[in-house]
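Here's the structure we're looking at; comments come further down.
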Number of protein chains: 2
Amino acid sequence: MYRIGELATLCKIKTDTLRFYDKQGLFVPSSRTESGYRLYTKKDAQRLRFILRAKTIGFTLVEISELLSIELDKSNKACADVKSLVDLKLADISQKIEQLHYFKNALQQLSSDCCGGPESAQHCSILEALESTSSAKNRTNNGHHQAHSHATK
Amino acid sequence: MYRIGELATLCKIKTDTLRFYDKQGLFVPSSRTESGYRLYTKKDAQRLRFILRAKTIGFTLVEISELLSIELDKSNKACADVKSLVDLKLADISQKIEQLHYFKNALQQLSSDCCGGPESAQHCSILEALESTSSAKNRTNNGHHQAHSHATK
DNA sequence: ATAAACCTTAGACTTAAATCAAAGGTAAAG
DNA sequence: CTTTACCTTTGATTTAAGTCTAAGGTTTAT
Ligand SMILES: [Zn+2]
Ligand SMILES: [Zn+2]
Ligand SMILES: [Zn+2]
Ligand SMILES: [Zn+2]
C-alpha cells in the first residue's frame, strides 16, 4: 500500500497530479484509510504506469479514461464494443507510426545524402527530401555529392 | 499565388491560423500585394503542408520552426550543422516510433485476445487485462475463449 | 456601389494537463 | 510534541496552439 507521496515519487509525478487524476475519476485509489488518506495498491501502481505510458505516447486523458471506464460498464457492453475501441486506437497509432516512418525516411535520406562537411548546405533540403520520398523521385544519381558542387571543387 | 483565404480553404485551416503562423514567424508569406494582402506561392503551400504534416505527427510549432530554420538558413549553414540537427530530430523520431510500437504491441495483444463477439464483456480478456494490468498473466491457455464461457455455451 | 475578402492591433476565451498557492484543518511519525 | 504528510476546497497561473471578437479601415469582385 502506497500513500500518495510514495506513489508520486515512485512514478516521478506530483501529488497534485494524483489528486487531479482522482478528481477526474481517471485514477482513483482503491481505498482510503479511516482518516481519508489515499491508499494505492501495487495494482494501482501498475494501472498508473499504464496511464503514464499511454500519456507519453500521445493518448489524451479522455481517451485513457474511455479505455478504463469501459471496465465499469462491462456487463452492459459486448466484447465487440470493447474490441472496436481498442482497434480504433490501434488504427490511430498505426497511422501515426506510418507517418513517423515517412518522416524518418525523409530525414534519413537527407542525412545520408549530406556529406556533413564544413561547406555550405545550400543543396541540403528537408522539403525536397520529403517531396522525393513521397513521390519516389529520381534517386538515381548516387546522392548528395553529385548534386553538391562543393565536394569536387 | 494564393491569397490567405484560398490557401486556408485549400489546406483546411482557418485564416486565423495562417495569420497566427505569420505573426509567430513560423510561416510567413513570401510576398504581399501593394495593398498588403498576403501572397502565398505554391512553394509556400508546400511548406505549409510540411508544417501541417509535422504537426499531426506531434511536433510542436517550435520543433517545426527548428526543422524549417535548417531550410531557411541553409546557405549560411554548413553541411555539418544541417546534418547534426537532422540527426537530432532523427533520434527524436526514432524514440517516438519506438514508444508507439511498444504501445501498439500492447494494444494488439489485447485486441487479438478478444473474441470481439456480441456477448457480454463481463469476461472480456481486454478488460481483464486492464483490470490487473498484469501483462504477463497466465497466457498459457489459448487466450480469451478459455476464460470466456460465452463462446462455447 | 455594395458585398465579400482582406488589412491591422489588441485582447478575451478555449482546451488539456497540469502546477501552485492559500486557507484551515487532521493524522502519522520521530 | 512537533514536524511532516496528508486532507479539503477554491481559485490562479501556465503552456500550446489556436479561435473569436471587435473596432476601424482598405481592396477586390460582382
Ligand atoms: Zn549537405
Ligand atoms: Zn555537403
Ligand atoms: Zn468475447
Ligand atoms: Zn472480449
Side-chain angles (χ1 to χ4, degrees), chain A residues 1-41 44-45 47-69 89 92 96 99, chain B residues 1-41 44-45 47-69 92 96 99 103:
Chain A
M1 290 298 211
Y2 309 107
R3 294 198 331 206
I4 196 168
E6 294 170 324
L7 186 59
T9 53
L10 193 69
C11 291
K12 285 158 192 168
I13 56 175
K14 298 267 155 77
T15 57
D16 272 325
T17 305
L18 285 173
R19 292 202 191 93
F20 176 68
Y21 286 175
D22 187 353
K23 200 162 45 177
Q24 305 290 301
L26 171 63
F27 181 58
V28 178
S30 46
S31 60
R32 298 265 186 146
T33 64
E34 283 230 335
S35 48
Y37 281 27
R38 289 169 182 84
L39 285 178
Y40 300 95
T41 65
D44 288 338
R47 212 153 45 97
L48 178 58
R49 264 179 240 114
F50 181 92
I51 290 170
L52 296 177
R53 255 190 331 254
K55 229 177 53 53
T56 66
I57 278 151
F59 280 102
T60 65
L61 296 192
V62 169
E63 286 172 328
I64 297 170
S65 283
E66 230 179 319
L67 261 177
L68 292 176
S69 74
K89 294 299 159 221
D92 236 46
K96 241 176 201 171
Q99 282 181 315
Chain B
M1 290 298 208
Y2 310 105
R3 293 195 331 204
I4 196 168
E6 294 169 324
L7 186 60
T9 52
L10 192 70
C11 291
K12 287 160 191 166
I13 55 174
K14 298 266 154 81
T15 57
D16 273 327
T17 305
L18 285 172
R19 294 203 190 91
F20 176 69
Y21 285 175
D22 187 353
K23 200 162 41 175
Q24 306 291 301
L26 171 62
F27 180 57
V28 178
S30 47
S31 61
R32 298 265 188 147
T33 66
E34 284 229 334
S35 47
Y37 282 26
R38 287 168 183 85
L39 286 177
Y40 300 95
T41 65
D44 289 339
R47 214 152 44 94
L48 179 57
R49 262 178 245 113
F50 172 92
I51 290 170
L52 296 177
R53 237 177 4 239
K55 232 176 48 59
T56 66
I57 286 167
F59 284 104
T60 66
L61 296 191
V62 169
E63 285 173 324
I64 296 170
S65 285
E66 271 168 7
L67 278 172
L68 285 175
S69 77
D92 262 25
K96 246 176 202 170
Q99 282 187 313
F103 212 70

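On a predicted model such as this, the values are computed, not experimentally measured, just so you know. Just so we're on the same page: letters track the sequence lines, and every chain starts at 1.
- Considering only side-chain atoms of B/Thr60, the nucleotide from C/dT8, C/dA18, D/dA16 that sits closest is D/dA16.
- Proximity of B/Leu68 to B/Glu63: side-chain heavy atoms (C-beta onward) are nowhere separated by under 4.5 Å.
- Side-chain atoms of B/Lys55 lie closest to D/dG18 of the nucleotides D/dT28, C/dA17, D/dG18.
- Look at CZ on A/Arg3: it is 14 Å from P on D/dT4, rounded to the nearest Å.
- The A/Ile4 side chain lies nearest to D/dC7 when the options are D/dT19, C/dC6, D/dC7.
- Sorted by first then second residue, the side-chain hydrogen bond (donor to acceptor under 3.5 Å, both in side chains) pairs that include residues 24-35 of chain B, not counting sequence neighbours, are B/Asp22-B/Arg32, B/Ser30-B/Asp44, B/Thr33-B/Ser35.
- For A/Leu26 and C/dA16, the CG to P distance is 13 Å, given to the nearest whole Å.
- Of the residues in residues 6-15 of chain A, not one comes within less than 4.0 Å of DNA chain D through any heavy atom.
- Nearest heavy-atom pair, B/Ile64 versus B/Lys55, reported as atom, atom and distance to 0.1 Å: CD1-N, 3.8 Å.
- In this structure, CG in B/Leu48 is found 6.0 Å from CG in B/Leu18, a value given to the nearest 0.5 Å.
- Listed candidates were C/dT8, D/dG18, D/dT8. Nearest to the side chain of A/Arg32 is D/dT8.
- The backbone N or O of A/Val28 lies less than 3.5 Å from a partner atom in the side chain of A/Arg47, making a donor-acceptor pair.
- Rounding to the nearest 0.5 angstrom, the gap separating the CG atom in B/Leu39 from the CZ atom in B/Arg3 is 8.0 Å.
- In this structure, the separation between OG1 on A/Thr9 and CD1 on A/Ile4 is 11.0 Å, given to the nearest 0.5 Å.
- Going from atom OH of A/Tyr2 over to atom C1' of D/dA5 covers 18 Å, rounded to whole Å.
- Within the structure, the salt bridge (Lys or Arg N to Asp or Glu O under 4.0 Å) test picks out no pair touching residues 10-20 of chain B (sequence neighbours left out).
- In this structure the side chain of A/Phe20 never reaches within 4.5 angstrom of the side chain of A/Thr15, judged on heavy atoms.
- Rounded to 10 degrees, the angle separating the terminal axes of the helix from C/dA1-D/dT30 to C/dG30-D/dC1 is 10°, with each axis obtained from five end pairs.
- Rounding to the nearest 0.5 Å places CZ of B/Phe50 at 10.5 Å from CG of B/Leu52.
- Although no hydrogens or angles enter the test, the distance criterion places no donor-acceptor pair under 3.5 Å between the side chain of B/Gln99 and the main chain of B/Lys96.
- Listed for the B/Thr17 side chain is no donor-acceptor partner under 3.5 Å among the backbone atoms of B/Ile13.
- Rounded to whole angstrom, the span from the CG atom of B/Leu18 across to the P atom of C/dT8 amounts to 12 Å.
- One interatomic measurement links the two molecules: OH of A/Tyr21 to P of C/dA16, which rounds to 14 Å at whole-angstrom precision.
- For the residue pair B/Ala45 and B/Leu7, the shortest heavy atom distance occurs at CB-CD1, 3.9 Å.
- Of the candidates D/dT19, C/dC6, D/dA17, the closest approach to any side-chain atom of B/Arg19 belongs to C/dC6.
- The residue among A/Asp22 and B/Phe20 whose nearest nucleotide of DNA chain D lies closer to the 5′ end is A/Asp22.
- Contact between the side-chain N/O atoms of B/Arg38 and the OP1/OP2 oxygens of C/dC7 is found at a separation under 4.0 Å.
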Give each protein N/O atom lying under 3.5 Å from an N/O atom of nucleotides 11-15 of chain D, with the pair distance.
none

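- Rounded to an integer number of Å, the gap from B/Leu39 CG to C/dC6 C1' is 11 Å.
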Using atom names, set out every protein N or O paired with an N or O of nucleotides 21-26 of chain C below 3.5 Å, distance rounded to 0.1 Å.
none

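- Partner of B/Tyr40 under the ring-ring contact (aromatic ring centres under 6.0 Å, His included) criterion, chosen from B/Phe27, B/Tyr2, B/Tyr21: B/Phe27.
- In this entry the distance linking CG of A/Leu61 with P of C/dA18 reads 5 Å, nearest Å.
- In this structure, CE of B/Met1 is placed 17 Å from C1' of D/dT28, rounded to the nearest angstrom.
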